[in-house]
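Shown next, in structure tokens, is the structure this report addresses.
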Amino acid sequence: MECREASMKPIVEIAKTAGIEEEDLELYGKFKAKLSNELWEKVAERQDGKLILVTAMNPNPAGAGKTLTTIGLSQALNLLGKKTIAALREPSLGPCMGIKGGATGSGKAQILPADEINLHFTGDIHAITAAHNLLAAMIDNHIFHGNPRGLNPKKIVWKRAMDMNDRALRNIVVGLGDSNGMTREDGFMITTASEIMAILCLSESLSDLRDRLAHIIIGYDFDDQPVRAEEVNAVEDMVVLLKEAIKPNLVQTIEGTPVIIHGGPFANIAHGCSSVIATKTALKLADYVVTEAGFGADLGAEKFFDIKCRKAGLTPAAAVVVITVRSLKYNAGVKVADLATENLEALEKGFANVKRHLENLEKFGVPAVVAINHFATDSQAEVDKVILLCQQAGVEAALSNVWAEGGAGGTELAEKVARAAERLSQFRFLYEEELSVKEKIETIVKEVYRGSGVVFSPGALRTIQKVEELGMSHLPVCMAKTPYSFTDRADLLGAPTDFTIQVSEIRLSAGAGFIVALTGSLVTMPGLPKKPAAELLYVDEGGVINGLS
């Protein structure tokens with residue numbers, strides 16, 4: 001692997017390039033560190049740099065290289081003399097062991113130490129898992145010891161969590177046997193879908209974290225009134241477990257660009273952005289901050305704008321839409337096995353998907369640049385065709401070859417992104433807070449997905465009514481949807497129209513401050529594929545991990 005051939009610099013040296021003194025680092029060995037709480041107080045009054053969002057078209061099942069592009073672009077901007085920091089999410093063990101493998105970039109555009117980041121890193125996700133399950137244990141313990149709050153066991157909405165793909169745990173029964181508590185139905189979600197993950201990523205301080213945790217709705221009592229985490233005395237103990245996890249982590253790219261990596265909510269089942277603390281800190285330390293939002297722009301970018309930017313008061317300066325020749329062909333209906341075969345006709349057909357994402361970004365008032373992530377199987381004719389299609393759509397595009405060349409392979413892209421970021425921002429939200437929950441969902445479906453309407457299940461309608469009764473309908477909406485399509489069906493590719501979205505369930509994340517709308521058959525606990533990436537892993541005689549890429 002390229003990363004093992006690289007010579008990492010001590011993280012203290014990387015910190016200095018970002019203007020961070022050693023006293024504001026909490027070291028995790030030589031190459032990783034957490035940023036102290038005191039650092040923010042020192043930089044809070046500085047002017048913000050420019051925030052660049054890296055998003056993508058709807059991907060093919062093998063991915064699109066969005067993280068790779070984010071890393072490479074940050075390196076390229078630094079090569080141009082622009083002080084740049086990348087702000088990324090932490091990889092989850094579930095997809096690392098499942099279909100994706102590692103999530104730290106690759107080739108000459110990756111973050112280091114890659115294996116450690118992909119596995120346990122500094123323990124943040126483990127801490128979130130522990131806090132989530134502590135609350136679950138406190139709920140059942142509260143019921144076992146008399147249930148003084150009157151929590152209705154049939155209306156508990158707080159599940160358990162683990163950072164692994166395990167479909168067998170989606171629906172379970174707990175409390176079997178004598179003296180083991182009340183027997184009831186329960187289930188697991190992956191940690192990246194946990195409300196505590198969302199809370200940590202949206203909190204701006206330890207006190208903010210504490211307040212958000214207190215407002216988590218764990219279920220309802222026999223009078224159908226909400227019961228919150230603070231009512232089962234589970235707040236301070238969760239704060240204790242999360243005390244270190246709330247601090248952002250500092251690492252480096254293969255070329256020595258500083259990277260603040262923190263938090264990891266999925267974009268298909270959660271809001272898909274790294275932490276507000278990490279982003280705001282990076283903006284005070286750099287002229288440019290390159291961050292990403294998960295999956296395609298219909299999911300990650302929309303949530304980045306309407307949830308994260310709304311909550312944190314952020315104003316993005318520009319967006320980069322990562323596309324690949326492969327994804328264009330996939331969205332034209334080409335089979336995965338044939339994606340390496342030249343097909344100019346499919347490129348033109350598949351470009352409808354890209355064009356829709358570009359039109360959507362215009363609705364947010366964010367200038368966009370297209371990054372064509374280059375693969376060795378791309379023919380010159382295909383690359384030329386894609387560049388022409390972008391020109392015809394009125395958007396600047398650049399070939400990105402950061403995998404093979406590092407920052408040097410992204411300088412043209414960096415120049416075009418920097419120019420776009422210099423324009424006066426016209427950023428705006430897609431919808432206003434005063435709209436009803438149904439109106440917000442319908443706005444996203446019609447304006448971003450281009451659907452004709454929404455069908456709500458009876459259970460979803462009941463929850464929406466409860467949200468309105470609780471006076472929380474002003475919260476933004478987090479759509480949980482397949483990443484492969486604008487619809488709620490993964491097989492409807494390209495740029496479909498005149499379809500309906502099926503909202504199967506509504507979940508109120510009162511602590512995080514948003515409403516989750518689950519669409520289609522999407523689940524919050526993924527399963528492993530037939531051939532999991534975990535089968536490729538092994539440790540050689542030298543103690544080196546192989547297969548995690």
Side-chain angles (χ1 to χ4, degrees), residues 48-59 64-74 76-77 82 84-89 267 271-274 279 282-283 286-310 312-324 327 351 353-373 386 389-391 393-400 402 410 412-430 444 447-449 483 486:
D48 283 348
K50 294 186 179 296
L51 182 59
I52 311 297
L53 173 69
V54 178
T55 184
M57 65 181 293
N58 291 99
K66 182 163 40 57
T67 301
L68 173 88
T69 304
T70 302
I71 297 164
L73 176 58
S74 70
L77 285 165
K82 301 180 185 299
T84 304
I85 292 176
L88 297 172
R89 294 175 295 164
H271 75 285
C273 311
S274 61
T279 304
L283 285 169
D287 298 325
Y288 289 83
V289 173
V290 186
T291 192
E292 67 167 353
F295 290 117
D298 56 320
L299 285 171
E302 187 274 316
K303 296 173 188 179
F304 179 84
F305 297 143
D306 281 325
I307 297 177
K308 181 174 177 176
C309 291
R310 189 192 303 265
L314 299 171
T315 301
V320 178
V321 181
V322 180
I323 71 174
T324 66
S327 289
F351 193 78
N353 183 273
V354 178
K355 189 173 181 181
R356 180 170 295 178
H357 286 296
L358 294 171
E359 291 169 351
N360 287 341
L361 289 171
E362 286 184 14
K363 295 182 179 183
F364 291 99
V366 179
V369 176
V370 170
I372 306 168
N373 181 28
V386 174
L389 290 168
C390 290
Q391 290 172 343
V395 63
E396 286 203 273
L399 186 66
S400 175
V402 296
E412 181 188 1
L413 174 64
E415 289 170 349
K416 292 182 176 181
V417 169
R419 284 200 300 269
E422 292 302 321
R423 302 177 199 169
L424 183 64
S425 176
Q426 302 293 325
F427 176 62
R428 53 190 174 271
F429 303 121
L430 184 69
I444 295 170
E447 294 295 322
V448 176
Y449 307 160
F486 278 107

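All heavy atoms count here, side chains included; hydrogens, waters and symmetry mates do not. Treat the numbers as computed from the prediction; the structure is a model and nothing was measured.
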Discussion item. Between His357 and Phe486, does the side chain to side chain contact (heavy atoms under 4.5 Å, CB included) criterion hold? Intermediate values first, please.
Written reply: CA-CA 10 Å; His357 286 296; Phe486 278 107; 3.4 Å; yes
Worksheet entry | Leu73 vs Val402, side chain to side chain contact (heavy atoms under 4.5 Å, CB included): CA-CA, chis, key distance, verdict | CA-CA 8 Å; Leu73 176 58; Val402 296; over 6 Å; no
Discussion item. Does Tyr288 form a side chain to side chain contact (heavy atoms under 4.5 Å, CB included) with Ser74? I'd like the steps, not just the answer.
Written reply: CA-CA 8 Å; Tyr288 289 83; Ser74 70; over 6 Å; no
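The aromatic rings of Phe364 and Phe305 sit tilted, their planes meeting at an angle between 30° and 60°.
With Ser327 contributing its side chain and Ile323 its backbone, the two residues share no donor-acceptor pair below 3.5 Å. Looking at Asn353, its side chain does come within 3.5 Å of a backbone N or O of Asn58 through a donor-acceptor pair. Side-chain atoms of Lys303 come within 3.5 Å of backbone atoms of Ala267 as a donor-acceptor pair (strictly under, hydrogens ignored). At distances below 3.5 Å, not a single donor-acceptor pair connects side-chain atoms of Asp287 with backbone N or O atoms of Thr84.
Not counting sequence neighbours, Tyr449 has no partner by the ring pair (Phe, Tyr, Trp, His ring centres under 6.0 Å) test. Applying the side-chain hydrogen bond (donor to acceptor under 3.5 Å, both in side chains) rule to Ser274 yields no partners; only residues at least two apart in sequence or on another chain are considered.
Here Glu359 does not pair with Lys363 in a salt bridge; the nearest charged N to carboxylate O distance is not below 4.0 Å.
When side chains are defined from C-beta on, Val369 does not count as touching Val321, because their heavy atoms never get closer than 4.5 Å.
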